[in-house]
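Ligands are counted one by one from 1 in listed order, and the atoms in each one are counted from 1 as well.
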Amino acid sequence: MALSFIKKVFTFGREKPVEEQAPEETTPVEAAVPEQEAPVAESSVGSEFAEPASPPSVRSGHLPHEGGDRLESEAPAAQKEQADEQAEDDLRAELNAQEIEAEEASSSEHPLAIEVSGEPDATAIEPISPLVGEMSDRTEGGDEASVGSEFSSEITEAPTDSEPSSENTETPAVAPMLPKGFSTAVSAPAPAPEAPKQKLSWFQRLRAGLARTSSQLTGQITALFTKRKLDDQTLQDLEDLLIQADLGVETAMRVTDTLASERYGKDVTGEDVSRIMAQEIAKVLKPVAKPLQLDLSHKPHVILIVGVNGTGKTTTIGKLAAKLSGAGLKVMVAAGDTFRAAAIEQLKIWADRTKSEFIGTKLGADAAGLAFDAFQQAKASKSDVLIIDTAGRLQNKAELMAELEKIVRVLGKLDPDAPHTVLQTLDATTGQNALNQVEIFRNVAGVNGLIMTKLDGTARGGILVAISAKHKLPVYFIGVGEGVDDLEPFEAEDFAHAIAGIGQ
Ligand SMILES: Nc1nc2c(ncn2[C@@H]2O[C@H](COP(=O)(O)OP(=O)(O)OP(=O)(O)O)[C@@H](O)[C@H]2O)c(=O)[nH]1
């Protein structure tokens, strides 16, 4: 049953099931060496990024002879023998660890990983990369076996067009089972039985992250309503408190209006206010809490990730890629943050980890050119989803915002609807400035969805309510940690309860 499901997932939308082929060796960006037989781009990109040039974890500092020399001169013979034995054991353990590391690395390496060399110039975009032909050749040649070790054995068993099996004819291809938080117009199979819920733990993290907002609010509200009836002054004071908590004037007034209509002239408790506050916040958030809709007919559905520096773009891409490739989709990630070497490295690591294809270019290269290349190559390799990272930029830096505009424009040359989704990451520790960020990124890059990150920290999540009331953009996910699984579909009621300090 599980085996046939995986087959279905993996063959979904593919024109032809592919045959398994021995994976080629992938050269990670930092480890590229000239003597390796690498596909076109690898050697040159490797040289671009060779600067750290750290030898592959030789750990010479840990080798026993260093300490051994010291022991030889200082220790008596018996101690020396003991030390030698110890050193030998250490060395053996070291070598074992290296072997395991090497094995893990080789199993996670992705033969389809591509790094583009040269400086693609988007101002003179021609069908750019010589890799495109190679890429499609390689794909058709069956490199898809590398999509993930967990799938490879299934691919081998998957029947080809020329070898129809009874299973294939009886079971039509179906849409992949998308992870929670995504949807697609293509009909999906009946959902599998639900895995045991872990909601509590992430909700606890969410609550902890919003504790500053909620405890401040509930404390002030309790103080405000102790031994006081609801009158104009208390309503005004409450409105001020809600505005200070970043909830925005509109939501603050919704809360006070509802409270007034229910309890004017009567005693009010802090719990009454929290309940009404949660209810009104949920009303604002429900229309924006939507799954991220993927149109898999695009092949690839292009997702562009934008936002201010450090808001969690690259990390969020890793988390999204993990969800999508975990569901059997073919994912490519593109390192469009060409300003920061670390960002390219970071994305490469996420790509390896999530069994996604990777495309990057050299530091300082034109990001729009890279985006264009990535789109072409994702098309050629029939990726389901392409996720493009961009450099973080402050919304008031006109030049950088113009570069972002160019990325969007260039993608539109290959498909007028691309990028199909433009996601903006918002750091939950930011206050009012986030409103302005959304305003400007929306105008420049056509942001059509939001992800709020760092809700596990000392978040000021109230601003998401104000943003939702004003912009009404879908909020797809929230980040509740730095780990690969710490991305949760946005749930309006949970969020409203966490802000209002109501437990679950
Ligand atoms: N606690 C927490 N940390 C997060 C979350 N998302 C991202 N981070 C951390 O935030 C920091 C910045 O994340 P990046 O993904 O590098 O952010 P970026 O937007 O790509 O950064 P730039 O490329 O500089 O613009 C990293 O230390 C991440 O681990 C989250 O949901 N919770």
Which residue supplies the protein heavy atom nearest to atom 30 (C) of ligand 1, what is that atom called, and how far is it? Gly481 O, 3.1 Å
Looking only at protein heavy atoms, what sits closest to atom 14 (P) of ligand 1 is Thr315 OG1, 3.5 Å
Report yes if some N/O of Ala391 lies less than 3.5 Å from some N/O of ligand 1; otherwise report no. no
Any salt bridge linking Lys348 with Glu345? Criterion: basic side-chain nitrogen under 4.0 Å from a carboxylate oxygen. no
Min side-chain heavy-atom separation Lys299-Asp384 under 4.5 Å: yes
Sub-4.0 Å atoms of ligand 1 with respect to non-hydrogen atoms of Lys454: 2 (C), 3 (N), 4 (C), 5 (C), 8 (N), 10 (O), 30 (C), 31 (O), 32 (N)
Using modelled atom types and a 3.5 Å cut-off, is there a donor and acceptor pairing between side-chain atoms of Thr338 and backbone atoms of Ala365? yes
With backbone taken as N, CA, C and O and side chain as the heavy atoms from C-beta onward, which portion of Leu455 lies under 4.0 Å from ligand 1: side chain, backbone, both, or neither? neither
Got Asp389 and Gln346 here, is their nearest side-chain heavy-atom distance under 4.5 Å? no
Non-hydrogen side-chain atoms of Val333 and Thr354 separated by less than 4.5 Å: no
Do the side chains of Lys406 and Asp366 get close enough for a salt bridge, i.e. N-O under 4.0 angstrom? yes
Provide the number and element of each atom of ligand 1 under 4.0 Å from a heavy atom of Gly310. 12 (C), 17 (O), 18 (P), 19 (O), 21 (O), 22 (P), 24 (O), 25 (O)
Looking only at heavy atoms of Gln346, does any of them come nearer than 4.0 Å to an atom of ligand 1? yes
Under the rule for salt bridge (Lys or Arg N to Asp or Glu O under 4.0 Å), what residues qualify as partners of Glu403, not counting sequence neighbours? Arg393
Does Phe182 offer a backbone N or O that forms a donor-acceptor pair with the side chain of Lys323 under 3.5 Å? no
With the side chain counted from C-beta on, respond yes when Val438 and Lys470 share a heavy-atom pair under 4.5 Å apart, and no when they do not. no
For atom 20 (O) of ligand 1, what is the closest protein heavy atom, and at what distance to 0.1 Å? Thr314 OG1, 2.8 Å
Which ligand 1 atoms, with their elements, are less than 4.0 angstrom from a heavy-atom of Val480? 31 (O)
For atom 1 (N) of ligand 1, find the nearest protein heavy atom and state the residue, atom name and distance (0.1 Å precision). Asp456 OD2, 2.8 Å
Taking the side chain as everything from C-beta on, heavy atoms only, tell me whether Leu320 gets closer than 4.5 Å to Ile387. yes
Below 4.0 Å from any atom of ligand 1, is there a heavy atom belonging to Gly307? no
For ligand 1, which atoms sit closer than 4.0 Å to a heavy atom of Gly392? 25 (O)
Quick one: does Asp486 get an N or O within less than 3.5 Å of an N or O on ligand 1? no
Tell me, which protein residue and heavy-atom name are nearest atom 25 (O) of ligand 1, and how many Å apart are they? Lys313 NZ, 2.8 Å
Just to be sure I read this right, does ligand 1 sit under 4.0 Å from the backbone of Asp337, its side chain, both, or neither, counting only heavy atoms? side chain
So which heavy atom in the protein is nearest atom 3 (N) of ligand 1, and how far is it from that ligand atom? Glu482 CG, 3.2 Å
Could you check if a side-chain atom of Val444 sits within less than 4.5 angstrom of a side-chain atom of Val306, using non-hydrogen atoms only? no
Only heavy atoms of Gly479, strictly under 4.0 Å: list the atoms of ligand 1 that pass. 31 (O)
At a 4.0 Å cut-off, with the gap strictly under it, does some heavy atom of Met452 reach an atom of ligand 1? no
Polar proximity ligand 1 side, Thr390 side, N/O cut 3.5 Å exclusive: no
Nearest non-hydrogen protein atom, atom 17 (O) of ligand 1: Gly312 N, 3.1 Å
May I ask you to identify, for Lys319, whether its side chain, its backbone, both or neither come under 4.0 Å of ligand 1 on a heavy-atom basis? side chain
Do Val302 and Phe375 make a side-chain contact, defined as non-hydrogen atoms from C-beta onward lying under 4.5 Å apart? yes
With sequence neighbours left out, the residues meeting salt bridge (Lys or Arg N to Asp or Glu O under 4.0 Å) with Lys454 are Asp427
